[in-house]
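Here it is, the structure in full.
Each ligand, and each atom within it, is numbered from 1 in the order the structure gives. Everything quoted here is computed from the prediction, not taken from an experiment.
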Amino acid sequence: MERIDFSDLNSDRPLKGKKILLGVCGSIAAYKSVFLLRLLQKQGAEVQVIMTNNAKQFVTPLTFSTLSQNPVFSYLWHESTGNQDWSQHVQIAQKADLILIAPATMNTITKLACGICDDAVTATVFSASCPILIAPAMDKDMFNSPQNQKNLQTLQAFGYRILPTETGFLASGLYGEGRLLEPDIIVEQVLFTLTPKLLLNQNLLINVGPTQEPIDPVRFISNYSTGKMGIAIAKWAYRMGAQVTLIAGAITAEIPPIPIQVVRVQTANQMFQAMLEHFPKASIIIGTAAVADFKPQFSQNQKIKKIDNQEIINLVLTQNPDILLELGKQKKTHQKLVGFALETHNELENAKKKLLKKNLDWIVLNSTQEKGATFGHDTNKVYFISSNQVIETELLPKEQIAIQLLQIIASMH
Ligand code: CTP
């Protein structure tokens with residue numbers, strides 16, 4: 001059995017060792033940058049804040065310097081100190097892994113589009129060679145003005161990543177486009193930008209969670225699956241550059257704020273149809289769903305009533321389609337098919353049988369015997385099994401298992 005070390009991507013602190021410059025401009029949304037700073041730090045990033053003078057009208061530099069444990073950079077010139085450090089913008093720009101301007105005002109966007117660098121934010125951006133993310137925030141008419149739209153297009157053409165804005169209530173009291181994206185969505189975009197693109201040009205189709213098989217309008221048969229493992233895979237596949245389609249059963253785990261296609265289904269048959277529909281354009285198919293193997297033969301239209309003195313009720317079950325087995329029978333042209341196996345005994349032997357029977361490229365074995373693994377836990381311990389390899393993992397966060405699986409799949413293409 002092989003042991004491998006996949007230590008380069010850390011799911012708990014994916015931004016560990018990354019230096020991020022957070023540019024804050026003069027918008028009421030500047031208060032959200034405080035939360036943004038915190039969230040970036042939680043992901044392991046070292047953050048330094050750069051402020052325009054106008055930004056200081058909304059949040060003080062003291063707040064940012066205290067929380068970031070770094071001095072805020074905001075003056076190009078320190079006349080009183082003889083201006084020893086006038087080239088600081090170059091030094092911090094060169095060390096940065098990413099610059100995020102959030103909120104970016106029309107003023108700063110215009111200056112960046114036209115090449116004006118008369119403050120700490122613009123001077124730093126022009127001295128950098130790392131990716132630049134712009135998260136605009138302004139009132140709706142300003143946001144939609146032809147000048148602003150043209151400047152955003154210009155920045156995009158220069159290679160800056162322009163994040164969208166949200167539509168909603170604005171500080172002016174108006175309703176419309178121009179709200180700063182929520183900090184957790186911005187952080188996802190930072191993570192997307194900085195994650196190695198191992199799955200670029202891949203189309204990943206994944207099913208997650210339990211199916212529910214109706215007995216009558218108020219009851220169903222299901223299982224304890226939450227969807228956590230599959231959602232972790234979908235999230236990291238997106239960050240690694242794949243186009244992701246998620247076919248979701250009745251999940252209780254939350255889907256993160258990432259732009260992936262989500263198709264909601266209830267029953268195994270609906271899940272099967274959705275998987276078949278998306279199969280032809282997929283290059284990687286992963287079956288993490290806990291598909292109910294059986295469904296009631298007849299689902300009643302009306303609630304089944306209790307009958308006095310009748311202690312035993314017979315429910316006749318029929319088999320659902322085995323989705324992966326059926327997909328394995330389809331003509332695999334370029335597709336890689338990956339399944340999961342949940343076993344209670346003879347684990348390796350049973351999983352290997354499933355790998356062959358379902359014509360899979362890899363199967364990920366979970367055992368109910370492992371403490372802290374399978375349903376509902378945040379951790380898992382698995383074996384990655386192919387026709388000629390067995391790789392055993394430690395007990396790891398499900399996200400770390402997701403990363404390892406995707407690294408294995410990426411190495412196959
Ligand atoms: N699977 C599927 N359709 C089913 C049952 C399972 O696509 N009707 C998939 C699961 O998503 C998983 C793999 O097949 O990727 C193995 O599922 P598992 O529940 O471990 O095994 P089963 O094939 O259902 O066999 P058994 O219950 O007899 O162990």
Query raised in the report: Considering only heavy atoms of Gly287, which atoms of ligand 1 have at least one such atom less than 4.0 Å away?
Result: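 Per the distance check, 11 (O), 12 (C), 15 (O).
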Requested in this report: Starting from atom 12 (C) of ligand 1, locate the nearest protein heavy atom and write down its residue, its atom name and how far away it is, to 0.1 Å.
Outcome: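 Checked against all protein heavy atoms, atom 12 (C) of ligand 1 sits closest to Phe340 O, 2.9 Å.
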Report task. Please verify whether a non-hydrogen atom of Asp322 lies at under 4.0 Å from ligand 1. Result ->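 Yes; Asp322 lies near enough to ligand 1 that a heavy-atom distance drops under 4.0 Å.
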Requested in this report: Mind telling me whether Phe35 and Tyr31 have parallel, tilted or perpendicular rings, with 30° and 60° as the class edges?
Outcome: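 Perpendicular.
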Query raised in the report: So, Asn148 versus Ser145: side-chain donor-acceptor pair below 3.5 Å or not?
Result: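 On atom types as modelled, these side chains do not qualify, holding no pair under 3.5 Å.
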Query raised in the report: Looking at atom 3 (N) of ligand 1, what's its closest protein heavy atom, distance included?
Result: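 The answer is Ile323 N, 3.0 Å.
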Query raised in the report: Should the pair Glu177-Lys140 be classified as a salt bridge under the 4.0 Å nitrogen-to-oxygen rule?
Result: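 A salt bridge is absent here (no side-chain N lies under 4.0 Å from a carboxylate O).
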Query raised in the report: At what distance is the nearest protein heavy atom to atom 4 (C) of ligand 1, and which residue and atom is it?
Result: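 I find the closest protein heavy atom is Val291 CB, 3.5 Å.
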Requested in this report: Identify which of Ala292, Ala289, Ala341 has a heavy atom lying nearest to atom 10 (C) of ligand 1.
Outcome: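 Nearest heavy atom to atom 10 (C) of ligand 1 lies in Ala289.
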Requested in this report: Begin with the C-alpha distance, continue with both residues' side-chain angles, and end with the deciding distance and a verdict on side chain to side chain donor-acceptor pair (under 3.5 Å) for Arg179 and Thr167.
Outcome: CA-CA 6 Å; Arg179 276 170 63 91; Thr167 298; over 6 Å; no
Query raised in the report: Hey, which atoms in ligand 1 end up nearer than 4.0 Å to a heavy atom of Lys358?
Result: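 Contacts of ligand 1 toward Lys358, numbered from 1: 1 (N), 6 (C), 9 (C), 13 (C), 14 (O), 16 (C), 22 (P), 23 (O).
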Query - Quiz item: cation-pi between Lys295 and Phe298, 6.0 Å / 45° - result: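 Judged by the rule (NZ or CZ under 6.0 Å from the ring centre, within 45° of its axis), Lys295 is not positioned above Phe298.
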Query raised in the report: Going by the atom numbers of ligand 1, which of them fall below 4.0 Å from some non-hydrogen atom of Gly339?
Result: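 Atoms satisfying the 4.0 Å criterion: 15 (O).
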Query raised in the report: For atom 8 (N) of ligand 1, what's the nearest protein heavy atom and its distance?
Result: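 Minimum-distance protein heavy atom for atom 8 (N) of ligand 1 reads Pro321 O, 3.0 Å.
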Report task. Pick out which of Leu191, Leu194, Val47 makes a side chain to side chain contact (heavy atoms under 4.5 Å, CB included) with Lys18. Result ->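 Testing each of Leu191, Leu194, Val47 against Lys18, the sole residue satisfying side chain to side chain contact (heavy atoms under 4.5 Å, CB included) is Leu194.
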Requested in this report: With Lys354 as the cation and Phe340 as the aromatic partner, state whether NZ or CZ is under 6.0 Å from the six-membered ring centre and within 45° of the axis.
Outcome: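 Judged by the rule (NZ or CZ under 6.0 Å from the ring centre, within 45° of its axis), Lys354 is not positioned above Phe340.
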Query raised in the report: Any idea which heavy atoms bring Thr110 and Met106 closest together, and the distance?
Result: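 Reported closest heavy-atom pair: OG1-O, 2.6 Å.
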Report task. Give me the one residue out of Glu370, Glu394, Glu392 that meets side-chain hydrogen bond (donor to acceptor under 3.5 Å, both in side chains) with Lys381. Result ->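 Checked Glu370, Glu394, Glu392 against Lys381; only one passes side-chain hydrogen bond (donor to acceptor under 3.5 Å, both in side chains): Glu392.
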Query raised in the report: Would you say atom 19 (O) of ligand 1 has a protein heavy atom nearer than 4.0 Å?
Result: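 Protein heavy atom within 4.0 Å of atom 19 (O) of ligand 1: absent.
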Query - Nearest-neighbour protein heavy atom for atom 21 (O) of ligand 1, which is reported as residue plus atom name and distance - result: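 For atom 21 (O) of ligand 1, the nearest protein heavy atom comes out as Lys354 NZ, 2.8 Å.
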Query raised in the report: How far is atom 7 (O) of ligand 1 from its nearest protein heavy atom, and which residue and atom is that?
Result: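 Protein heavy atom with the smallest distance to atom 7 (O) of ligand 1: Leu324 N, 2.9 Å.
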Query raised in the report: Is the closest protein non-hydrogen atom to atom 28 (O) of ligand 1 under 4.0 Å?
Result: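 Looking at atom 28 (O) of ligand 1, one finds that no protein heavy atom lies closer than 4.0 Å.
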**Report entry** Whether Glu326 lies under 4.0 Å from ligand 1, heavy atom
**Finding:**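 In this structure, Glu326 fails to qualify as a contact of ligand 1 - no heavy atom is under 4.0 Å.
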Query - Matching residue for Ser11 among Glu399, Gln400, Lys235 - test: side-chain hydrogen bond (donor to acceptor under 3.5 Å, both in side chains) - result: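 Checked Glu399, Gln400, Lys235 against Ser11; only one passes side-chain hydrogen bond (donor to acceptor under 3.5 Å, both in side chains): Gln400.
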Report task. Enumerate the atoms of ligand 1 whose separation from the nearest heavy atom of Asp293 is less than 4.0 angstrom. Result ->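 Near Asp293, the atoms of ligand 1 are 4 (C), 5 (C), 8 (N), 24 (O), 27 (O).
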